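Presented below is the structure to which this report refers.
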Amino acid sequence: KGVSRFKKWIVDSYRIWGLKRANAVIFENKIMEERSKELFALKETRFIMPSISMDFKSKNLESFKSNRKPQGLFLCGWQLNKNIMLIPHIALQLKKLDIPFQFVLTAPLDNSHEHLKFVEIVKSLKVNDYIKIIGPVKKEELSSLYHNINFVFLLSKLESFSNNIIEAWYYKRLLIISNELWAKSICKHAALYVERDNAMAIANEINKVVDDKILKDAIIEIASKEILNYPTINERTITELNYIKQVYEAN
């Protein structure tokens, strides 16, 4: 609202101006590349898949251990675009269905406006047992975290790409993601799609998939093959440099 909205309008306008003036634009999402041509009439674009690298040291995450309940991970901060404020409402629907479950959230315990609002909703809905906020996780603790959870959630309205997707696939955890074009463009059949704003529908999907090992294993198997299509850092760098050279020589 007000000044804040005006500032964001200025930033967005500057970004659009930059896009239109660019000799070429690289996208990590095929759908966003197509939309850019419709919205801004961009002529010279290239879709280059993001690179992946899981080559880092592993360290135990001492602050968090799995329990007997199935656990779903929201690996994010207090980012409203991830639909985190819906988590307590999903938990309430699971509670009504008498389904044991726990959401694990890596947002900081920083007493920010979003943090306090989230805690207030959790308390008002009486779903404390369904939600655990563990705070930020270091890169070297990711492996330990993923091995202690069962599902990965990504309920964004829009993303160009997200490490959550690659990490869920790499650690063989079922990815539950928004039923949006950007997500389908990336994940294809390698994720379970849900209506991101419908807490009851999401709870029903969780209920359906918790005990359905055949469905989970089938999606995870597809994801294990999908991740093989992604380039290494070196491969992506070479592709980008070749494209930059091509654009430079054309101008």
Side-chain angles (χ1 to χ4, degrees), residues 28-32 35 66 69-107 114 117-118 121-122 125 127 129-133 145-146 148-227:
E28 292 185 335
N29 185 305
K30 192 67 179 171
I31 287 293
M32 293 187 77
R35 285 286 288 153
S66 60
K69 296 179 182 177
Q71 292 178 301
L73 174 66
F74 277 80
L75 187 62
C76 60
W78 298 113
Q79 296 149 293
L80 299 183
N81 67 301
K82 307 286 186 183
N83 221 10
I84 53 173
M85 293 301 173
L86 191 70
I87 297 173
H89 298 280
I90 304 171
L92 178 62
Q93 296 303 322
L94 290 170
K95 185 176 181 179
K96 289 178 178 178
L97 293 169
D98 197 25
I99 300 166
F101 199 85
Q102 187 174 62
F103 292 100
V104 178
L105 181 59
T106 62
E114 291 79 9
K117 182 180 178 182
F118 184 87
I121 297 171
V122 170
L125 297 180
V127 290
D129 292 345
Y130 278 77
I131 297 167
K132 187 175 182 65
I133 305 172
L145 173 63
Y146 275 101
N148 280 294
I149 57 94
N150 309 94
F151 306 95
V152 178
F153 288 85
L154 184 58
L155 301 183
S156 308
K157 178 67 176 175
L158 179 65
E159 299 267 4
S160 60
F161 199 79
S162 172
N163 285 342
N164 295 165
I165 295 170
I166 291 297
E167 288 162 5
W169 291 352
Y170 181 82
Y171 291 110
K172 299 186 185 301
R173 295 295 181 261
L174 181 65
L175 176 63
I176 300 176
I177 198 168
S178 305
N179 186 18
E180 301 286 345
L181 282 176
W182 70 266
K184 291 182 175 180
S185 172
I186 297 169
C187 300
K188 303 177 180 69
H189 299 292
L192 180 69
Y193 296 97
V194 294
E195 299 304 320
R196 67 181 295 271
D197 291 318
N198 191 327
M200 183 178 292
I202 294 172
N204 285 332
E205 287 298 319
I206 292 171
N207 183 26
K208 190 188 304 180
V209 81
V210 159
D211 295 318
D212 194 337
K213 190 174 185 304
I214 294 175
L215 176 59
K216 281 189 291 187
D217 288 349
I219 296 174
I220 289 170
E221 178 63 26
I222 294 170
S224 297
K225 294 175 181 176
E226 190 65 37
I227 199 174

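Everything numeric here is computed off the predicted structure, so don't read it as measured data.
- Put simply, the side chain of Val152 does not reach to within 4.5 Å of the side chain of Leu75, judged on heavy atoms.
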| Can you check side-chain contact (heavy atoms from CB on, under 4.5 Å) on Leu97 and Ile206, steps first, answer last? | CA-CA 11 Å; Leu97 293 169; Ile206 292 171; over 6 Å; no
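- Heavy-atom contacts from other residues, nucleotides or ligands closer than 6.0 Å to NZ of Lys188 number more than 12.
- Rounding to the nearest 0.5 Å gives a distance of 9.0 Å between CD1 of Ile99 and CG of Asp211.
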| Test log, rule ring-ring contact (aromatic ring centres under 6.0 Å, His included), inputs Phe153 and Phe103 | CA-CA 9 Å; Phe153 288 85; Phe103 292 100; 5.5 Å; yes
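- Side-chain contact check for Ser178 and Lys157: no donor-acceptor pair (N or O, by modelled atom type) lies under 3.5 Å.
- Between Phe74 and the options Leu155, Val104, Thr106, Asn164, a side-chain contact (heavy atoms from CB on, under 4.5 Å) holds for only Leu155.
- Here Trp182 contributes atom CH2 and Asn29 contributes atom CG; the two are 8.0 Å apart, rounded to the nearest 0.5 Å.
- Taking both residues in full, the closest heavy atoms of Cys76 and Ile84 are given as SG-CG2, 3.7 Å, listed atom of the first, atom of the second, then distance.
- Note that the CG atom of Asn150 and the CZ atom of Arg173 stand 6.5 Å from one another [nearest 0.5 Å].
- Atom CG of Leu181 has 12 or fewer neighbouring heavy atoms from other residues, nucleotides or ligands inside a 6.0 Å radius.
- Among all heavy-atom pairs drawn from Ser185 and Ile31, the shortest one is CB-CG1, 3.2 Å.
- Closest approach of Trp169 to Ala223, counting heavy atoms only: CD1-CB, 3.2 Å.
- The two residues Ser156 and Lys82 make their nearest non-hydrogen contact at OG-CD, 3.5 Å.
- When all heavy atoms are compared, the tightest approach of Ala190 to Leu175 is O-CB, 4.5 Å.
- Between the side chain of Asn204 and the backbone N or O of Met200 there is at least one donor-acceptor pair closer than 3.5 Å.
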| query | Could you go step by step and tell me if Arg196 and Ile177 meet the side-chain contact (heavy atoms from CB on, under 4.5 Å) rule? | reply | CA-CA 8 Å; Arg196 67 181 295 271; Ile177 198 168; over 6 Å; no
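- Side-chain contact of Ser162 with Glu159: a donor-acceptor pair under 3.5 Å is absent, judged by distance alone.
- The structure places CG of Asp217 at 11.5 Å from CD1 of Ile222, a figure rounded to the nearest 0.5 Å.
- A distance-only check finds no donor-acceptor pair linking the side chain of Asn83 to the backbone of Leu86 [under 3.5 Å].
- In this structure the side chain of Tyr171 never reaches within 4.5 angstrom of the side chain of Leu145, judged on heavy atoms.
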| request: Take Leu80 and Met85 through the test side-chain contact (heavy atoms from CB on, under 4.5 Å) and record every step on the way to the result. | output: CA-CA 7 Å; Leu80 299 183; Met85 293 301 173; 3.9 Å; yes
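- In this structure, Lys30 contributes its side chain and Ile186 its backbone to no donor-acceptor pair below 3.5 Å.
- Using a distance-only test at 3.5 Å, with no hydrogens or angles considered, no donor-acceptor pair links the side chain of Lys95 to the main chain of Leu125.
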| task | Just do the side-chain contact (heavy atoms from CB on, under 4.5 Å) check on Phe151 and Val209 with the steps written out, would you? | result | CA-CA 10 Å; Phe151 306 95; Val209 81; 3.8 Å; yes
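- In terms of modelled atom types and a separation under 3.5 Å, the side chain of Trp78 and the main chain of Phe118 share no donor-acceptor contact.
- Closest heavy-atom contact between Leu94 and Ala203: CD2-O, 3.7 Å.
- Looking only at side-chain heavy atoms (C-beta outward), Ile220 and Ser224 come within less than 4.5 Å of each other.
- One distance of note links OH of Tyr130 with CG of Leu92; it measures 9.5 Å at 0.5 Å rounding.
- No more than 12 heavy-atom neighbours from other residues, nucleotides or ligands sit within 6.0 angstrom of CG on Asn163.
- Between Glu205 and Lys208 there is a salt bridge, with a side-chain nitrogen of the basic residue lying less than 4.0 Å from a carboxylate oxygen of the acidic one.
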